[in-house]
Every structure is written in structure tokens, then in C-alpha cells.
Amino acid sequence: IGFFGEGGKDAEGRKLSGYAYAFGETICGGSGATSVQPGASGVHTHMTNTRITDPESLEKRYPVILREFAIRPGTGGKGMNKGGDGVVRDIECRAPLSFSVITERRSVAPYGMSGGDPGQCGANYWVRKEKKGEKEVFRWVDMGAKNMVKMEAGDRCVIHTPGGGGWGS
């Protein structure tokens, strides 16, 4: 995922064009099982030399709150060796931000091997904060696998990464 914040002001107080900051990270998921071991949960499988941003750095440097970062239990495929579970990464905006997602395995599940079940697909959600009369409600919008949306303060980007496929029946 990535997010971008609108420009600030120059020394004379004029609004700057472009982005004042940009952030990007790769988010871990579940790895597939093998004939000799189960898949790992919450790991980077096809991206090397990366790691997730810790909550303290993320919240200190950007106008966001990390509401949840947890394993998605039961998302790995069943089998003699179970696939690893994916994760949930829930980020709330404290200012208007443009969020971008470039993901895979949102419509086609990670396959199992040698009779193992597939892992669960991932999903990307824009949780929009809306007013209904005097009440605040949250509307969950599926962002799809690849998209960019302009979010307002109080909106959330919730990423569900896929689980890995299982191995063996």
C-alpha cells in the first residue's frame, strides 16, 4: 500500500502543489505449505529486503493511526500441512490522504498443492465515515486489487492479506 499527503504552505503562506509526503510499504501474508512443513503466517514471501513499518514510526511521522495489525486466523489452506495465515492491517486517516493499493490474490485464491486446500483470498477496503442524521456510520467499500482513492480524516484503509495454500490431503 501507499499513501500520499497533499502539499503544505510555503514561507509566504501560499498552498504548495503536489504531495508534502509519500509513504509505501509491503504487507506480509501467509506462505504456502510444503511437503515437509506448514506455511508461515504473516511473512513477506515474494519481496526481499523489505519489512513492515512499526506502529510508533508510522504514527509519529504521518497523520495516521494504526488501529490493527494482526494475524487473520483460519485463512491458510487446510491440508496435511496447513498454509500460513494472512494478516489484517487497518490504518485510520487523521488528515485527507490518497491511498493506493497494488495487490494480488483478491479474486483468485492461493492454490493448494497435492490435494491441499487453497488459502483465503485477500481484500482491500475503504471504510468511509459518513453522517446519517446525527449518527456516524461506517460504509465498507471494496477497493479491488488495484486502485487509488482520496480519503478524508476518519476514513480507514483496511487490508486483508491472503493465506497460503495447504499441502496434502
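Since this is a predicted model, take the numbers as computed values, not measurements. Below, each value reflects all heavy atoms present in this structure, side chains not excepted, and no hydrogens, waters or symmetry copies.
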Side-chain heavy atoms nearer than 4.5 Å, only ILVMFWY residues, links allowed to pass through others: does that put Ile71 and Leu66 together? yes
Glu130 meets the side chain to side chain contact (heavy atoms under 4.5 Å, CB included) criterion, sequence neighbours left out, with Arg128, Val137, Arg139
Residues passing the side chain to side chain contact (heavy atoms under 4.5 Å, CB included) test with Arg94, sequence neighbours excluded, are Pro63, Ile65
So side chain to side chain donor-acceptor pair (under 3.5 Å) across residues 20-31, not counting sequence neighbours, yields Glu25-Thr53, Glu25-Arg89, Thr26-His44, Thr26-Thr50
* **Any Asp142 side-chain heavy atom under 4.5 Å of Trp126 side chain** => no
The reported gap from CZ in Phe138 to CZ in Arg156 (rounded to nearest 0.5 angstrom) is 6.5 Å
- Query: Is there a side-chain contact between Ser100 and Phe4 (heavy atoms, below 4.5 Å)?
  - Reply: yes
So the side chain to side chain donor-acceptor pair (under 3.5 Å) pairs with at least one residue in residues 160-169 (sequence neighbours excluded) are Ser114-Trp167
For Asp155, the salt bridge (charged side-chain N to carboxylate O under 4.0 Å, His left out) test, sequence neighbours excluded, returns none
Contacts of Glu136 meeting side chain to side chain contact (heavy atoms under 4.5 Å, CB included) (sequence neighbours excluded), chain-then-number -> Lys129, Lys131
Heavy-atom closest pair (Glu92 atom, Gly154 atom, distance to 0.1 Å) is OE2-CA, 4.0 Å
When every non-hydrogen atom of Asp85 is compared with those of Thr75, the smallest separation belongs to OD1-N, 3.0 Å
In this structure, CD1 of Ile159 is separated from CD1 of Ile91 (nearest 0.5 Å) by 7.5 Å
_Hydrophobic cluster membership, with links at side-chain heavy-atom distances under 4.5 Å among I/L/V/M/F/W/Y: are Met151 and Tyr125 in one?_
no
Those residues at least two apart in sequence (or on a different chain) that pass salt bridge (charged side-chain N to carboxylate O under 4.0 Å, His left out) with Glu104 are Lys146
For residues 35-44, the salt bridge (charged side-chain N to carboxylate O under 4.0 Å, His left out) pairs (sequence neighbours left out) are none
- Message: If you define the side chain from C-beta out and look only at heavy atoms, does anything of Cys93 sit under 4.5 Å from Glu152?
- Response: no
Hits for ring-ring contact (aromatic ring centres under 6.0 Å, His included) against Phe99, two or more places apart or cross-chain, chain-then-number order -> Phe3
Tell me whether Val158 is reachable from Ile102 by hopping between hydrophobic residues (I, L, V, M, F, W, Y) whose side-chain heavy atoms are closer than 4.5 Å. no
- Task: Would you check if Val43 and Ser41 make a side-chain contact, meaning some heavy-atom pair closer than 4.5 Å?
- Result: no
Applying salt bridge (charged side-chain N to carboxylate O under 4.0 Å, His left out) to Arg105 and not counting sequence neighbours gives none
Side chain to side chain donor-acceptor pair (under 3.5 Å) filter on Ser107, not counting sequence neighbours, yields none
**Message:** Starting from Leu97, can I reach Val141 by hopping between I/L/V/M/F/W/Y residues whose side chains sit under 4.5 Å apart?
**Reply:** yes
Side-chain touch Phe69/Ile52, heavy atoms, less than 4.5 angstrom:
yes
* Asked: Going only through I, L, V, M, F, W and Y residues with side-chain contacts under 4.5 Å, is there a path from Ile1 to Val64?
  -> yes
Show which side-chain atoms of residues 115-124 pair as donor or acceptor with protein atoms under 3.5 Å away, not counting sequence neighbours.
unit_1, atom_1, unit_2, atom_2, d
Gln120, OE1, Arg72, NH2, 3.3
Asn124, OD1, Arg106, NE, 3.4
Asn124, OD1, Arg106, NH2, 3.1
Asn124, ND2, Thr103, OG1, 2.9
Asn124, ND2, Gly144, O, 2.9

